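To start, the structure itself, in C-alpha coordinates.
Remember, predicted model here, so these are calculated numbers, not experimental data.
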Amino acid sequence: MNKQILKILIGEYQKLAINMPLIERNICFEDEVNYILVGIRRAGKSYLLYQNIQSKIASGKMNADDFLYINFEDERISDITSKELGDLIDSYKEMYGKDCKYIYLDEVQNIEGWEKFARRLADMKYNVMITGSNAKMLSHELATTLGGRFIPRNIEPFTFAEYLQSEHIEVKNNWEYDPDIKLKVYKAFETYFHFGGFAESFHIDNKREYINSLYQKILLGDIVERHKIRNSRIFRLLGRKLAESIMQPTTLTRLRRIICSTGENISLPILKDYLEYFKESCLIISVPNMASTLSEQETTKKRYFIDNGILNLFLVNEGSKLLENIVAINLNSIYKNTEEDIRLFYYNRNIEVDFCIPEAKVAIQVSYNYDKNLDTYEREVGSLKTFLRSHTDYVGIIITYNQECEVEVDNKKIQVIPIWKWLLRTEQ
(Lines give C-alpha, C1' and ligand atoms only; values in the text may rest on other atoms or scores of the structure.)
Protein backbone atom coordinates (compact mmCIF):
# COMPACT_ATOMS: atom_id res chain seq x y z
CA MET A 1 0.00 0.00 0.00
CA ASN A 2 1.29 3.46 -0.90
CA LYS A 3 2.13 5.13 2.42
CA GLN A 4 1.90 8.57 0.84
CA ILE A 5 -1.79 7.97 0.19
CA LEU A 6 -2.28 6.69 3.74
CA LYS A 7 -0.64 9.81 5.18
CA ILE A 8 -2.88 12.05 3.08
CA LEU A 9 -5.93 10.15 4.34
CA ILE A 10 -4.80 10.31 7.96
CA GLY A 11 -4.45 14.08 7.75
CA GLU A 12 -7.74 14.59 5.88
CA TYR A 13 -9.75 12.43 8.22
CA GLN A 14 -8.28 14.08 11.32
CA LYS A 15 -9.56 17.46 10.11
CA LEU A 16 -12.92 15.95 9.11
CA ALA A 17 -13.48 14.28 12.48
CA ILE A 18 -12.49 17.37 14.47
CA ASN A 19 -14.58 19.86 12.49
CA MET A 20 -17.67 17.81 11.62
CA PRO A 21 -20.90 19.49 12.90
CA LEU A 22 -22.84 16.99 14.99
CA ILE A 23 -26.28 16.23 16.27
CA GLU A 24 -25.09 14.77 19.55
CA ARG A 25 -26.62 11.55 20.78
CA ASN A 26 -26.87 10.40 24.37
CA ILE A 27 -24.77 7.32 23.69
CA CYS A 28 -21.76 7.12 25.96
CA PHE A 29 -18.59 5.04 25.77
CA GLU A 30 -16.23 4.26 28.61
CA ASP A 31 -12.62 5.34 28.32
CA GLU A 32 -10.02 2.64 27.72
CA VAL A 33 -12.67 0.23 26.42
CA ASN A 34 -12.70 -1.12 22.86
CA TYR A 35 -16.02 -1.11 20.98
CA ILE A 36 -17.58 -2.51 17.84
CA LEU A 37 -20.50 -0.39 16.63
CA VAL A 38 -22.82 -2.24 14.26
CA GLY A 39 -25.95 -1.04 12.50
CA ILE A 40 -27.63 -0.20 9.24
CA ARG A 41 -25.95 2.28 6.91
CA ARG A 42 -26.46 5.94 7.82
CA ALA A 43 -27.65 5.10 11.33
CA GLY A 44 -24.96 7.45 12.62
CA LYS A 45 -22.05 5.14 13.47
CA SER A 46 -19.40 7.39 11.90
CA TYR A 47 -20.87 10.41 13.66
CA LEU A 48 -20.56 8.62 16.98
CA LEU A 49 -16.86 8.16 16.25
CA TYR A 50 -16.61 11.89 15.52
CA GLN A 51 -18.53 12.62 18.71
CA ASN A 52 -16.15 10.44 20.72
CA ILE A 53 -13.12 12.16 19.17
CA GLN A 54 -14.44 15.67 19.74
CA SER A 55 -15.47 14.81 23.31
CA LYS A 56 -12.00 13.47 24.14
CA ILE A 57 -10.32 16.57 22.70
CA ALA A 58 -12.72 18.95 24.48
CA SER A 59 -12.11 17.22 27.83
CA GLY A 60 -8.34 17.30 27.37
CA LYS A 61 -8.03 13.51 27.27
CA MET A 62 -6.32 13.65 23.89
CA ASN A 63 -4.73 16.14 21.54
CA ALA A 64 -5.91 16.85 18.01
CA ASP A 65 -3.21 14.60 16.53
CA ASP A 66 -3.42 11.72 19.02
CA PHE A 67 -5.80 9.63 16.96
CA LEU A 68 -5.92 7.71 13.69
CA TYR A 69 -9.26 7.60 11.88
CA ILE A 70 -9.77 5.78 8.56
CA ASN A 71 -12.97 5.14 6.59
CA PHE A 72 -12.47 2.00 4.53
CA GLU A 73 -15.15 3.01 2.04
CA ASP A 74 -12.72 5.61 0.66
CA GLU A 75 -12.03 4.58 -2.94
CA ARG A 76 -8.36 5.51 -2.56
CA ILE A 77 -7.81 2.45 -0.37
CA SER A 78 -10.45 0.17 -1.86
CA ASP A 79 -7.78 -2.44 -2.63
CA ILE A 80 -6.10 -2.49 0.78
CA THR A 81 -5.66 -5.97 2.28
CA SER A 82 -5.53 -7.14 5.87
CA LYS A 83 -1.77 -7.67 5.57
CA GLU A 84 -1.38 -3.98 4.73
CA LEU A 85 -3.42 -2.65 7.64
CA GLY A 86 -0.28 -2.37 9.75
CA ASP A 87 0.96 0.27 7.27
CA LEU A 88 -1.59 2.62 8.81
CA ILE A 89 0.22 2.55 12.16
CA ASP A 90 3.62 2.91 10.48
CA SER A 91 2.39 5.87 8.41
CA TYR A 92 1.06 7.63 11.50
CA LYS A 93 4.37 7.16 13.33
CA GLU A 94 6.29 8.55 10.35
CA MET A 95 4.01 11.59 10.25
CA TYR A 96 4.08 12.50 13.94
CA GLY A 97 7.16 10.79 15.32
CA LYS A 98 5.06 9.06 17.98
CA ASP A 99 2.59 6.26 18.41
CA CYS A 100 -1.13 7.05 18.27
CA LYS A 101 -3.26 6.50 21.35
CA TYR A 102 -6.66 6.04 19.75
CA ILE A 103 -7.60 4.19 16.57
CA TYR A 104 -10.95 4.48 14.76
CA LEU A 105 -11.68 2.02 11.94
CA ASP A 106 -14.86 2.92 10.05
CA GLU A 107 -16.71 0.30 7.91
CA VAL A 108 -13.82 -2.11 8.40
CA GLN A 109 -15.91 -5.12 7.43
CA ASN A 110 -14.93 -4.39 3.82
CA ILE A 111 -11.45 -5.80 4.57
CA GLU A 112 -11.30 -9.58 4.70
CA GLY A 113 -9.44 -10.72 7.78
CA TRP A 114 -9.77 -7.40 9.61
CA GLU A 115 -10.63 -9.10 12.90
CA LYS A 116 -7.08 -10.43 13.40
CA PHE A 117 -5.70 -6.93 12.96
CA ALA A 118 -8.26 -5.58 15.45
CA ARG A 119 -7.33 -8.23 18.00
CA ARG A 120 -3.64 -7.40 17.57
CA LEU A 121 -4.34 -3.71 18.18
CA ALA A 122 -6.24 -4.56 21.36
CA ASP A 123 -3.43 -6.84 22.53
CA MET A 124 -0.97 -3.98 21.97
CA LYS A 125 -3.11 -1.82 24.28
CA TYR A 126 -4.38 0.64 21.69
CA ASN A 127 -7.81 2.12 22.40
CA VAL A 128 -9.88 0.99 19.40
CA MET A 129 -13.37 1.75 18.08
CA ILE A 130 -14.69 -0.08 15.02
CA THR A 131 -17.85 0.33 12.96
CA GLY A 132 -19.54 -1.93 10.47
CA SER A 133 -22.82 -2.35 8.60
CA ASN A 134 -22.94 -6.13 8.81
CA ALA A 135 -24.67 -7.86 11.71
CA LYS A 136 -22.22 -10.77 11.41
CA MET A 137 -19.79 -8.52 13.27
CA LEU A 138 -21.86 -9.31 16.36
CA SER A 139 -21.79 -13.08 15.82
CA HIS A 140 -20.59 -15.56 18.40
CA GLU A 141 -17.89 -16.80 16.01
CA LEU A 142 -16.42 -13.32 15.58
CA ALA A 143 -16.56 -12.66 19.31
CA THR A 144 -14.49 -15.81 19.78
CA THR A 145 -11.91 -14.59 17.26
CA LEU A 146 -11.66 -11.22 19.00
CA GLY A 147 -11.27 -12.99 22.30
CA GLY A 148 -13.59 -10.77 24.33
CA ARG A 149 -11.44 -7.71 23.72
CA PHE A 150 -14.30 -5.63 22.27
CA ILE A 151 -17.74 -4.68 23.56
CA PRO A 152 -20.41 -4.81 20.83
CA ARG A 153 -22.98 -2.01 20.56
CA ASN A 154 -25.99 -1.89 18.25
CA ILE A 155 -26.44 1.53 16.69
CA GLU A 156 -29.85 2.23 15.23
CA PRO A 157 -31.43 5.25 13.51
CA PHE A 158 -32.51 8.11 15.77
CA THR A 159 -35.29 7.49 18.26
CA PHE A 160 -38.25 9.85 18.36
CA ALA A 161 -36.80 11.54 21.47
CA GLU A 162 -33.53 12.11 19.61
CA TYR A 163 -35.43 13.43 16.59
CA LEU A 164 -37.21 15.99 18.79
CA GLN A 165 -33.85 17.03 20.22
CA SER A 166 -32.47 17.54 16.71
CA GLU A 167 -35.50 19.74 15.94
CA HIS A 168 -34.88 21.74 19.14
CA ILE A 169 -38.18 20.66 20.65
CA GLU A 170 -37.64 20.40 24.39
CA VAL A 171 -39.91 17.95 26.19
CA LYS A 172 -40.03 19.10 29.79
CA ASN A 173 -41.88 17.63 32.76
CA ASN A 174 -45.65 17.63 32.20
CA TRP A 175 -45.12 18.59 28.55
CA GLU A 176 -48.30 16.75 27.56
CA TYR A 177 -50.35 19.34 29.46
CA ASP A 178 -48.78 22.23 27.56
CA PRO A 179 -50.86 22.63 24.36
CA ASP A 180 -48.06 24.43 22.46
CA ILE A 181 -45.43 21.78 23.17
CA LYS A 182 -47.93 18.98 22.63
CA LEU A 183 -48.79 20.37 19.17
CA LYS A 184 -45.11 20.63 18.24
CA VAL A 185 -44.49 17.05 19.38
CA TYR A 186 -47.49 15.74 17.46
CA LYS A 187 -46.54 17.52 14.23
CA ALA A 188 -42.94 16.35 14.52
CA PHE A 189 -44.15 12.80 15.01
CA GLU A 190 -46.11 12.84 11.77
CA THR A 191 -42.84 13.41 9.91
CA TYR A 192 -40.89 10.88 11.98
CA PHE A 193 -43.66 8.30 11.61
CA HIS A 194 -43.46 8.33 7.81
CA PHE A 195 -39.76 9.06 7.21
CA GLY A 196 -37.98 7.49 10.16
CA GLY A 197 -34.79 8.28 11.99
CA PHE A 198 -31.97 8.69 9.46
CA ALA A 199 -30.44 11.95 10.69
CA GLU A 200 -29.06 12.98 7.30
CA SER A 201 -32.63 13.11 5.97
CA PHE A 202 -33.97 15.40 8.70
CA HIS A 203 -33.31 18.63 6.85
CA ILE A 204 -33.74 17.31 3.31
CA ASP A 205 -36.96 18.33 1.61
CA ASN A 206 -37.23 15.19 -0.54
CA LYS A 207 -36.76 12.66 2.24
CA ARG A 208 -38.26 9.82 0.25
CA GLU A 209 -35.66 10.24 -2.49
CA TYR A 210 -32.83 10.16 0.05
CA ILE A 211 -34.20 7.04 1.79
CA ASN A 212 -34.78 5.27 -1.51
CA SER A 213 -31.19 6.00 -2.55
CA LEU A 214 -29.96 4.57 0.74
CA TYR A 215 -32.09 1.45 0.34
CA GLN A 216 -30.81 0.88 -3.19
CA LYS A 217 -27.23 1.24 -1.95
CA ILE A 218 -27.81 -1.39 0.72
CA LEU A 219 -29.72 -3.68 -1.62
CA LEU A 220 -27.46 -3.50 -4.65
CA GLY A 221 -24.08 -2.64 -3.11
CA ASP A 222 -24.09 -4.39 0.23
CA ILE A 223 -26.13 -7.44 -0.71
CA VAL A 224 -26.54 -8.16 -4.43
CA GLU A 225 -22.99 -7.22 -5.41
CA ARG A 226 -21.26 -8.62 -2.34
CA HIS A 227 -23.05 -11.96 -2.52
CA LYS A 228 -22.98 -12.09 -6.33
CA ILE A 229 -26.73 -12.56 -6.64
CA ARG A 230 -27.55 -13.17 -10.29
CA ASN A 231 -31.26 -12.43 -10.25
CA SER A 232 -31.54 -9.10 -8.44
CA ARG A 233 -35.20 -8.89 -9.49
CA ILE A 234 -36.13 -11.71 -7.09
CA PHE A 235 -34.23 -10.00 -4.32
CA ARG A 236 -36.05 -6.72 -4.93
CA LEU A 237 -39.32 -8.63 -5.02
CA LEU A 238 -38.54 -10.28 -1.69
CA GLY A 239 -38.02 -6.86 -0.09
CA ARG A 240 -41.41 -5.71 -1.33
CA LYS A 241 -43.15 -8.89 -0.16
CA LEU A 242 -41.58 -8.57 3.29
CA ALA A 243 -42.99 -5.05 3.52
CA GLU A 244 -46.43 -6.24 2.44
CA SER A 245 -46.29 -9.02 5.05
CA ILE A 246 -45.65 -6.70 8.01
CA MET A 247 -48.01 -7.66 10.86
CA GLN A 248 -48.34 -11.23 9.56
CA PRO A 249 -46.38 -14.28 10.73
CA THR A 250 -44.67 -15.80 7.70
CA THR A 251 -42.97 -19.12 7.09
CA LEU A 252 -40.30 -19.75 4.48
CA THR A 253 -42.79 -21.89 2.59
CA ARG A 254 -45.37 -19.11 2.51
CA LEU A 255 -42.83 -16.53 1.36
CA ARG A 256 -41.66 -18.87 -1.37
CA ARG A 257 -45.25 -19.42 -2.50
CA ILE A 258 -45.86 -15.66 -2.62
CA ILE A 259 -42.77 -15.08 -4.76
CA CYS A 260 -43.49 -18.01 -7.07
CA SER A 261 -47.03 -16.69 -7.60
CA THR A 262 -45.46 -13.75 -9.47
CA GLY A 263 -43.91 -16.09 -12.03
CA GLU A 264 -40.47 -16.19 -10.42
CA ASN A 265 -38.89 -19.33 -9.02
CA ILE A 266 -36.79 -19.68 -5.90
CA SER A 267 -35.79 -22.66 -3.76
CA LEU A 268 -36.23 -22.74 -0.01
CA PRO A 269 -32.46 -22.88 0.73
CA ILE A 270 -31.80 -19.81 -1.47
CA LEU A 271 -34.76 -17.98 0.08
CA LYS A 272 -33.34 -18.71 3.53
CA ASP A 273 -29.98 -17.28 2.42
CA TYR A 274 -31.66 -14.17 1.02
CA LEU A 275 -33.47 -13.54 4.31
CA GLU A 276 -30.17 -13.91 6.13
CA TYR A 277 -28.64 -11.28 3.82
CA PHE A 278 -31.43 -8.86 4.75
CA LYS A 279 -30.72 -9.55 8.42
CA GLU A 280 -26.94 -9.22 8.01
CA SER A 281 -27.40 -5.79 6.45
CA CYS A 282 -29.42 -4.76 9.53
CA LEU A 283 -32.48 -4.11 7.35
CA ILE A 284 -34.92 -6.37 9.14
CA ILE A 285 -35.61 -7.67 12.63
CA SER A 286 -37.52 -10.87 13.38
CA VAL A 287 -39.85 -11.79 16.22
CA PRO A 288 -40.88 -15.41 17.02
CA ASN A 289 -44.10 -16.82 18.45
CA MET A 290 -44.04 -17.25 22.23
CA ALA A 291 -46.61 -20.04 21.97
CA SER A 292 -44.59 -22.11 19.47
CA THR A 293 -42.02 -24.81 20.02
CA LEU A 294 -38.36 -23.90 19.59
CA SER A 295 -38.26 -25.49 16.13
CA GLU A 296 -41.39 -23.59 15.06
CA GLN A 297 -39.91 -20.32 16.37
CA GLU A 298 -37.05 -20.76 13.91
CA THR A 299 -39.31 -21.14 10.89
CA THR A 300 -42.34 -18.93 11.60
CA LYS A 301 -41.66 -15.29 12.43
CA LYS A 302 -42.93 -11.78 12.11
CA ARG A 303 -40.43 -9.61 10.27
CA TYR A 304 -40.15 -5.84 10.54
CA PHE A 305 -37.95 -3.19 8.92
CA ILE A 306 -35.41 -1.40 11.11
CA ASP A 307 -36.75 2.04 10.12
CA ASN A 308 -40.19 3.32 9.14
CA GLY A 309 -38.70 5.42 6.35
CA ILE A 310 -37.55 2.30 4.50
CA LEU A 311 -40.81 0.44 5.09
CA ASN A 312 -42.79 3.44 3.86
CA LEU A 313 -41.07 3.19 0.45
CA PHE A 314 -43.31 0.20 -0.26
CA LEU A 315 -46.61 1.40 1.24
CA VAL A 316 -49.53 3.61 0.27
CA ASN A 317 -51.70 4.85 3.15
CA GLU A 318 -50.77 1.90 5.37
CA GLY A 319 -50.88 3.53 8.78
CA SER A 320 -51.47 0.26 10.64
CA LYS A 321 -48.31 -1.33 9.24
CA LEU A 322 -46.19 1.71 10.02
CA LEU A 323 -47.62 1.81 13.54
CA GLU A 324 -46.85 -1.82 14.35
CA ASN A 325 -43.43 -1.51 12.72
CA ILE A 326 -42.43 1.49 14.83
CA VAL A 327 -43.53 -0.32 17.99
CA ALA A 328 -41.38 -3.30 16.94
CA ILE A 329 -38.39 -1.00 16.35
CA ASN A 330 -38.71 0.52 19.81
CA LEU A 331 -39.16 -2.81 21.58
CA ASN A 332 -36.26 -4.31 19.63
CA SER A 333 -33.96 -1.54 20.83
CA ILE A 334 -34.85 -2.39 24.43
CA TYR A 335 -35.26 -6.17 24.23
CA LYS A 336 -33.04 -7.07 21.31
CA ASN A 337 -33.28 -10.67 20.19
CA THR A 338 -30.02 -12.51 19.58
CA GLU A 339 -29.25 -16.07 18.53
CA GLU A 340 -28.55 -16.96 22.15
CA ASP A 341 -31.24 -14.90 23.89
CA ILE A 342 -34.82 -14.35 22.68
CA ARG A 343 -36.54 -11.64 24.72
CA LEU A 344 -39.25 -10.25 22.42
CA PHE A 345 -42.14 -12.32 21.06
CA TYR A 346 -45.60 -12.18 19.58
CA TYR A 347 -48.29 -14.60 20.77
CA ASN A 348 -50.41 -16.74 18.46
CA ARG A 349 -52.39 -19.69 19.78
CA ASN A 350 -56.11 -19.35 19.01
CA ILE A 351 -55.71 -15.64 19.77
CA GLU A 352 -53.18 -13.09 18.51
CA VAL A 353 -51.27 -10.59 20.63
CA ASP A 354 -48.84 -8.37 18.76
CA PHE A 355 -45.96 -8.28 21.27
CA CYS A 356 -45.10 -10.09 24.51
CA ILE A 357 -42.11 -9.41 26.74
CA PRO A 358 -41.86 -12.25 29.30
CA GLU A 359 -39.13 -10.64 31.43
CA ALA A 360 -41.19 -7.45 31.83
CA LYS A 361 -44.53 -9.29 31.99
CA VAL A 362 -46.02 -6.95 29.40
CA ALA A 363 -48.39 -7.75 26.53
CA ILE A 364 -48.94 -5.12 23.84
CA GLN A 365 -51.65 -4.83 21.24
CA VAL A 366 -51.31 -2.30 18.41
CA SER A 367 -54.51 -0.70 17.11
CA TYR A 368 -54.29 2.23 14.71
CA ASN A 369 -57.92 3.24 15.29
CA TYR A 370 -59.20 2.34 18.73
CA ASP A 371 -62.93 2.44 18.15
CA LYS A 372 -65.55 0.14 19.68
CA ASN A 373 -67.69 0.52 16.58
CA LEU A 374 -65.08 -0.92 14.23
CA ASP A 375 -65.13 -4.58 13.21
CA THR A 376 -61.50 -4.97 14.30
CA TYR A 377 -62.18 -3.85 17.86
CA GLU A 378 -63.23 -7.18 19.36
CA ARG A 379 -60.47 -9.09 17.57
CA GLU A 380 -57.74 -6.76 18.79
CA VAL A 381 -58.97 -5.88 22.25
CA GLY A 382 -60.71 -9.19 22.86
CA SER A 383 -57.52 -11.13 22.16
CA LEU A 384 -55.58 -9.05 24.67
CA LYS A 385 -58.34 -9.54 27.28
CA THR A 386 -58.26 -13.31 26.74
CA PHE A 387 -54.47 -13.38 27.00
CA LEU A 388 -54.49 -11.43 30.27
CA ARG A 389 -57.05 -13.79 31.78
CA SER A 390 -54.70 -16.75 31.20
CA HIS A 391 -51.52 -14.78 32.02
CA THR A 392 -52.58 -13.02 35.18
CA ASP A 393 -49.08 -11.75 35.98
CA TYR A 394 -48.94 -9.68 32.77
CA VAL A 395 -49.85 -6.03 32.26
CA GLY A 396 -51.68 -5.09 29.07
CA ILE A 397 -51.09 -2.03 26.88
CA ILE A 398 -52.92 -0.93 23.73
CA ILE A 399 -50.92 1.44 21.51
CA THR A 400 -52.90 3.63 19.11
CA TYR A 401 -52.02 6.42 16.75
CA ASN A 402 -53.79 9.12 18.73
CA GLN A 403 -56.44 7.77 21.12
CA GLU A 404 -55.99 7.60 24.89
CA CYS A 405 -58.12 6.07 27.66
CA GLU A 406 -58.27 3.09 30.04
CA VAL A 407 -60.09 -0.23 29.70
CA GLU A 408 -60.87 -2.45 32.68
CA VAL A 409 -60.69 -6.24 32.37
CA ASP A 410 -61.43 -8.41 35.41
CA ASN A 411 -60.46 -5.57 37.74
CA LYS A 412 -57.25 -5.03 35.80
CA LYS A 413 -56.76 -1.77 33.89
CA ILE A 414 -55.41 -1.74 30.33
CA GLN A 415 -53.81 1.51 29.33
CA VAL A 416 -54.64 2.82 25.85
CA ILE A 417 -51.89 5.24 24.83
CA PRO A 418 -50.92 7.18 21.68
CA ILE A 419 -47.74 5.99 20.02
CA TRP A 420 -45.92 9.32 20.26
CA LYS A 421 -46.51 9.51 24.00
CA TRP A 422 -45.54 5.86 24.53
CA LEU A 423 -42.29 6.31 22.58
CA LEU A 424 -41.24 9.24 24.72
CA ARG A 425 -41.97 7.33 27.91
CA THR A 426 -39.90 4.31 26.86
CA GLU A 427 -37.04 6.22 25.21
CA GLN A 428 -36.24 8.68 27.98
request  = State whether a side-chain donor-acceptor pair under 3.5 Å links Asp222 with Ser281.
outcome  = no

inquiry  = Between Tyr102 and Tyr69, is the ring centroid distance below 6.0 Å?
reply    = no

request  = Evaluate the ring pair (Phe, Tyr, Trp, His ring centres under 6.0 Å) criterion for residues Tyr35 and Phe150: first the C-alpha distance (whole Å), next the side-chain angles of each, then the deciding distance (0.1 Å), finally the verdict.
outcome  = CA-CA 5 Å; Tyr35 290 94; Phe150 288 80; 9.0 Å; no

key: Pair Glu352, Tyr346: side-chain N/O donor-acceptor within cut-off below 3.5 Å   = no

query = Donor-acceptor pair, Asn174 side chain versus Tyr177 backbone, under 3.5 Å?
reply = no

ask   = Using the benzene-type ring in the case of Trp, are the ring centres of Phe198 and Phe158 under 6.0 Å apart?
value = no

ask   = Any side-chain donor-acceptor pair under 3.5 Å between Arg236 and Gln216?
value = yes

message = Using a strict threshold of under 4.0 Å (side-chain N to carboxylate O), is an ion pair present between Lys45 and Glu107?
response = yes

ask   = Would you call the rings of Phe305 and Phe314 parallel, tilted or perpendicular, where under 30° means parallel and over 60° means perpendicular?
value = tilted

request  = Return the orientation label for the His391 and Tyr347 ring planes: parallel under 30°, perpendicular over 60°, tilted otherwise.
outcome  = perpendicular

task = Please work out whether the ring planes of Tyr50 and Tyr47 are parallel, tilted or perpendicular, with thresholds of 30° and 60°.
result = perpendicular

ask   = Between Ser383 and Gln365, is any side-chain donor less than 3.5 angstrom from a side-chain acceptor?
value = no

task = For the residue pair Asn348 and Asn289, confirm or rule out a side-chain donor-acceptor distance under 3.5 Å.
result = no

query = side-chain contact (heavy atoms from CB on, under 4.5 Å) between Asp307 and Phe195: does it pass, once the steps are laid out?
reply = CA-CA 8 Å; Asp307 187 82; Phe195 298 106; over 6 Å; no

query = When you check the side-chain N and O atoms of Ser295 and Thr293, is any donor under 3.5 Å from an acceptor?
reply = yes

ask   = Could you walk me through whether Phe235 and Phe278 pass the ring pair (Phe, Tyr, Trp, His ring centres under 6.0 Å) check?
value = CA-CA 10 Å; Phe235 205 80; Phe278 268 95; 4.7 Å; yes

query = With distance as the sole criterion, is a donor-acceptor pair present between the side chains of Asn52 and Tyr104 under 3.5 Å?
reply = yes

request  = Flag the pair Tyr304 / Phe355 as yes when their ring centroid distance falls below 6.0 Å, and as no otherwise.
outcome  = yes

task = Please work out whether the ring planes of Phe189 and Phe160 are parallel, tilted or perpendicular, with thresholds of 30° and 60°.
result = perpendicular

request  = May I ask you to say whether Lys279 pairs ionically with Glu276, meaning some side-chain N is under 4.0 Å from a carboxylate O?
outcome  = no

